[in-house]
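Reminder, nothing fancy here: chain letters follow the sequence lines and each chain counts from 1.
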There are 2 protein chains.
Amino acid sequence: MPANHPPAEQVQPRGSVMRDVARLAGVSHQTVSRVLNDHPSVRDETRARVLSAMQQLNYRRNLAARTLATRRSGTLGIIGFETTLFGPASMLYGIEEAARAAGYFVSIATVQRPDRKSVLDAADRLIQQSVEGIIAIAPKPAVTSALLQVPATLACVGVGGGTDDDGVAAVRIDNAAGARLATQHLLDLGHATVHHIAGPADWPEAQERIEGWRSTLYAARAVVPPVAPQSWSAKSGYEQGQVLAKDPSVTAIFCANDHLALGLLRALHEAGRSVPQEVSVVGFDDMPESGYFLPPLTTVRQNFTELGRRSLGMLLEQIELASGVRSTEHVLLNPELIVRTSSAAP
Amino acid sequence: MPANHPPAEQVQPRGSVMRDVARLAGVSHQTVSRVLNDHPSVRDETRARVLSAMQQLNYRRNLAARTLATRRSGTLGIIGFETTLFGPASMLYGIEEAARAAGYFVSIATVQRPDRKSVLDAADRLIQQSVEGIIAIAPKPAVTSALLQVPATLACVGVGGGTDDDGVAAVRIDNAAGARLATQHLLDLGHATVHHIAGPADWPEAQERIEGWRSTLYAARAVVPPVAPQSWSAKSGYEQGQVLAKDPSVTAIFCANDHLALGLLRALHEAGRSVPQEVSVVGFDDMPESGYFLPPLTTVRQNFTELGRRSLGMLLEQIELASGVRSTEHVLLNPELIVRTSSAAP
DNA sequence: GAAACCGTTGTTATCGATCACACCTTACCG
DNA sequence: CGGTAAGGTGTGATCGATAACAACGGTTTC
């Protein structure tokens, strides 16, 4: 049920509307509308008169009226999760930028938890605004599966790790490939095996990175050390790092993200184990700061902005195709290994 | 001039509208509207019938129509700058959360550069959407001064460092106070003076931090070392750090933000100067990672989320007061010193 | 010379809500 | 018992745009 606002006595001051422009230009409002919509059959001289009138009156077309008449709002919705983090924030940025370029407006709805109810709630708010499509930042499958519940004629795209669900179009990076890149890099340097500090067990992205890491070790016939998934935080990296630091056989560690790596670096430092001389470390994400860690972090770069742009591209495709059937296309982007100084031969 | 979208043949499927609900409930559309708007004079039994009809039809009120009729959109606009950074991203989050709680929708428009033209452009896009108010993330004065150009009846609030301008309501943190906190902390530890790695010279926030730092040194009759403002980046901190590291008289350094501090820490480490034994370092911002730097960074915390919430509060006040005159209230939030291990007695 | 057509323009209905006002009960009062 | 007030409900106009169609002068076509 939509909220009702407290009354604001003063309404927005009535700016100029199409009638005013029409009167000033000496034409009908419909002609003004034609100029506005680039209709071909308007005489150049008439068009010029109208345009000048619009300029004089500082006319701005009323989107609400247009939406009502056309049943198209020119607005896209984003369902965001943990948007204070660098990754989601960058996706958001990429989406907005691309949307603006395509002439769309962007409305956002954040969710506290990536569960079905919150997502449906957010989607509802967006639908009320007549958005023409929704992009959901979807770290967990619950998000995309919730998207299946929204009216099937509404274009939807999921972006992020939790987009396994086949019913919804999605863009994601290839987490397993990224993990393979990192692991193989360390093996190639000559490490006997690679330890892994994983992300939380219930996150698909964390699972996929474990998968990629594990399969690479298998292929190389290397020992597969145990993992103890906890969270994505530097704290967790620090704590697990303290344990690993005690084990002299550990020479290479791949972290599921850069925050974990940061915590790990601190733990190794405190334990007196130098990086990369004694232990090599590789992260995942490539945050802006990662190049300035001590030592600068070798990591797997996700191009979040590109992720955002691509998802917007897919959404527009769906909208403009308007087949009515929802696309279920999945796009997998390849991450890139950024080698810095935290990794070296043993 | 608004962009026109390529035609999407298929329009949104017509969901149920007020007429449908009215028919099913056996009342007039006006009565449905009354129920929707909590009008007192509806018999309980009628209200119940209407509500049940709405539920059966999964009715959702059309915001565009409502906006057209009431001239109120229930939407607020945000003009964002560098929203991928932790600070702006957190403000955005705080705003959205508070807006949702207050029953408002949020639409966003980002700008590439914080200059007059870009801001007016963004404001224009928001005005087209009939937003009832605008919050601008305003790192530079050009932003708020641009806000003065938007119709005076539209509520506006600036948030951030560039909000000196007296014509616009604003929320900001007290940068000078933060700098004093940091500088005094270092002096209190027993350092003879404090060096400063500043932010870029054309940013008010950087200037205010310089001011706070300098005035504290004056008051303590300490030597005021020169500053060489460059950028906000870790790279800049690294480069300036390399210079400072060579000077054995330098024992305490206050950085204008945590990124600079990160770069500095690396430079000090590479120069073999230990922190905090030989050199103390204090940052500004308190990013989530700062507690895991090597060593954990003493820093000045800005509560960005709170900044966002407060700015939204002020905006709502303006909207709901609707005095027509724009508020010019300024709110200054106090930052907080977070002491970790990067600072110690010389 | 009538019919068909074109480019250009105006007229009227429409989108889905709210608002102002009219209408009908019922109740209460003098 | 009639008049007024108040509660509950319906009717029609309205917000500002677009859509559909009609109208008009001037060709072109048969």
Expressed in angstrom and rounded to an integer, what is the separation of [X] atom [atom1] from [N] atom [atom2]?
X: A:Met54; N: D:dA17; atom1: CE; atom2: P; result: 11 Å
X: B:Arg19; N: D:dG12; atom1: CZ; atom2: P; result: 13 Å
X: A:Arg72; N: D:dA17; atom1: CZ; atom2: C1'; result: 15 Å
X: A:His39; N: D:dA17; atom1: NE2; atom2: P; result: 18 Å
X: B:Leu68; N: C:dC15; atom1: CG; atom2: C1'; result: 9 Å
X: A:Arg43; N: C:dT9; atom1: CZ; atom2: C1'; result: 9 Å
X: A:Gln129; N: C:dG16; atom1: CD; atom2: P; result: 18 Å
X: B:Asn62; N: C:dG16; atom1: CG; atom2: P; result: 7 Å

Could you check B:Arg72 against B:Ile319 for side chain to side chain contact (heavy atoms under 4.5 Å, CB included), going step by step and ending with a plain yes or no?
CA-CA 11 Å; B:Arg72 299 202 56 193; B:Ile319 292 175; 3.7 Å; yes

Contacts of A:Thr83 that satisfy side chain to side chain donor-acceptor pair (under 3.5 Å) - sequence neighbours left out:
none

Walk me through whether A:Ile79 and A:Val119 qualify under side chain to side chain contact (heavy atoms under 4.5 Å, CB included).
CA-CA 7 Å; A:Ile79 298 179; A:Val119 171; 4.2 Å; yes

Taken in chain and number order and not counting sequence neighbours, the residues that satisfy salt bridge (Lys or Arg N to Asp or Glu O under 4.0 Å) with A:Glu329 are none

A:Asn37 vs D:dT18: side-chain N/O to OP1/OP2 distance below 4.0 Å:
yes

With a 4.0 Å limit, can you tell me whether B:Arg61 has a side-chain N or O closer than that to the phosphate oxygens OP1/OP2 of C:dT18?
yes

When we call it a touch if two heavy atoms are under 4.0 Å apart, what does B:Thr67 touch: a base, just sugar-phosphate, or nothing?
nothing

Can you find a donor-acceptor pair, distance only, under 3.5 Å between [X] side chain and [N] base?
X: B:Arg47; N: D:dG8; answer: no
X: A:Arg34; N: C:dT8; answer: no
X: B:Arg71; N: D:dG16; answer: no

Closest contact, heavy atoms only, A:Gln128 versus B:Arg61
CG-O, 4.1 Å

Quick one: closest heavy-atom pair of B:Tyr104 and B:Thr75, and the distance?
CD2-N, 4.1 Å

DNA chain D-proximal residues of residues 25-32 of chain B, any heavy atom under 4.0 Å:
B:Val27, B:Ser28, B:His29, B:Gln30, B:Thr31

Please compare B:Thr46 and B:Ala69 by the position of their nearest nucleotide in DNA chain D and report the one closer to 5'.
B:Thr46

Angle separating the five-pair end axes of the helix from C:dG1-D:dC30 to C:dG30-D:dC1, nearest 10°, is 60°

By the salt bridge (Lys or Arg N to Asp or Glu O under 4.0 Å) test, which pairs, at least two apart or in different chains, include something from residues 100-112 of chain B?
B:Glu96-B:Arg100

Would you compute the distance between atom OG of B:Ser130 and atom CG of A:Asn62 and round it to the nearest 0.5 angstrom?
4.5 Å

Just verifying a value: how many Å separate A:Arg66 CZ and A:Arg71 CZ, rounded to the nearest 0.5 Å?
15.0 Å

Selection from [options] that lies nearest to any side-chain heavy atom of [X]:
X: B:Thr70; options: C:dG16, C:dT18, D:dA17; answer: C:dT18
X: A:Ala65; options: C:dT9, C:dT18, D:dG16; answer: D:dG16
X: B:Ser41; options: D:dT9, C:dG16, D:dA17; answer: D:dT9

Validation: residues 50-60 of chain A side-chain donor-acceptor distances under 3.5 Å, sequence neighbours left out:
{"residue": "A:Arg60", "atom": "NH1", "partner": "B:Asp124", "partner atom": "OD1", "Å": "2.1"}
{"residue": "A:Arg60", "atom": "NH1", "partner": "B:Asp124", "partner atom": "OD2", "Å": "3.2"}

